[in-house]
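See below for the structure under consideration.
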Amino acid sequence: MPIVQVSALSQKAGVNVSEVLRKVCCELARVIQKPPHAVWGTWQKLEAGCYCEGDSPNDMQPAGTHPPIVNLIAFEGASAERIEAVLTCVAEVLVRELQIDSGNVFITYNEARAGRTF
């Protein structure tokens with residue numbers, strides 16, 4: 001059961017983050033061949049002035065900087081190919097739906113280990 005946690009700046013007008021998050025969860029579920037309810041997602045909006053890229057703060061999501069920061073948690077044991085497919089899926093949905101530059105997403109993949117997750 002993967003959990004996708006997105007932290008990002010405010011999005012431009014017309015971007016519905018709830019719908020973007022729904023699409024991330026549904027498309028990821030399709031990639032891992034699970035029902036949509038098997039993928040959880042959260043979205044945290046970063047307040048204005050609370051995200052700097054070096055010495056450049058920003059209040060709104062630019063296309064080429066200040067990437068959304070995604071923490072993806074999944075149970076251990078996935079193959080390298082599956083992890084790559086999961087990362088690619090999440091990145092592609094965010095790029096498409098947020099209308100940001102390809103590669104302007106930062107994702108970490110963290111494995112939840114047996115005996116250390118409740």
Side-chain angles (χ1 to χ4, degrees):
M1 179 170 311
I3 301 170
V4 180
Q5 301 169 313
V6 180
S7 296
L9 291 166
S10 293
Q11 301 301 309
K12 61 179 135 183
V15 174
N16 179 334
V17 295
S18 178
E19 182 62 13
V20 173
L21 191 58
R22 186 192 70 76
K23 287 180 180 180
V24 167
C25 290
C26 289
E27 291 189 33
L28 180 53
R30 182 184 49 76
V31 165
I32 63 171
Q33 300 178 335
K34 298 286 184 187
H37 71 269
V39 179
W40 301 348
T42 63
W43 191 289
Q44 178 183 4
K45 183 177 110 179
L46 299 172
E47 296 297 323
C50 291
Y51 187 1
C52 280
E53 187 173 293
D55 64 351
S56 301
N58 216 315
D59 297 343
M60 294 289 294
Q61 179 66 61
T65 64
H66 299 78
I69 300 169
V70 182
N71 181 38
L72 202 149
I73 305 166
F75 288 116
E76 65 184 330
S79 68
E81 293 80 18
R82 182 173 177 143
I83 293 171
E84 181 178 354
V86 164
L87 293 171
T88 299
C89 172
V90 173
E92 287 177 349
V93 173
L94 290 174
V95 164
R96 181 185 72 230
E97 296 299 321
L98 301 180
Q99 301 169 22
I100 57 177
D101 295 347
S102 179
N104 194 35
V105 179
F106 183 86
I107 308 173
T108 57
Y109 185 97
N110 298 288
E111 291 187 322
R113 295 179 23 206
R116 297 183 179 250
T117 304
F118 179 79

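Computed from heavy atoms alone, side chains included, the values below leave out hydrogens, waters and symmetry copies.
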Do you know which two heavy atoms are closest between [X] and [Y], and how far apart they sit?
X      : Y      : result
Pro2   : Leu28  : CB-CD2, 4.2 Å
Thr117 : Arg113 : OG1-O, 3.3 Å
Gly64  : Asp101 : CA-OD2, 3.2 Å
Gln99  : Ala63  : O-CB, 4.2 Å
Leu98  : Lys12  : O-CE, 3.9 Å

### From Val70, Val31, Val6, residue fulfilling side-chain contact (heavy atoms from CB on, under 4.5 Å) relative to Val90
Val70
### Query
Going by an N to O cut-off under 4.0 Å, is there a salt bridge joining Glu76 and Arg116?
no
From [atom1] ([X]) to [atom2] ([Y]), nearest 0.5 Å:
X     : Y      : atom1 : atom2 : answer
Ile83 : Tyr109 : CD1   : OH    : 4.5 Å
Leu9  : Glu47  : CG    : CD    : 10.0 Å
Ile69 : Gln5   : CD1   : CD    : 12.0 Å

### Message
Does atom CD (Gln33) have a neighbourhood of more than 12 heavy atoms from anything else shown, all under 6.0 Å?
### Response
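Incorrect, the count does not exceed 12.
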### Message
With clusters defined by side-chain heavy atoms of hydrophobic residues (ILVMFWY) lying less than 4.5 Å apart, directly or transitively, does Trp43 cluster with Val95?
### Response
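Yes: a chain of side-chain contacts under 4.5 Å links Val95 to Trp43.
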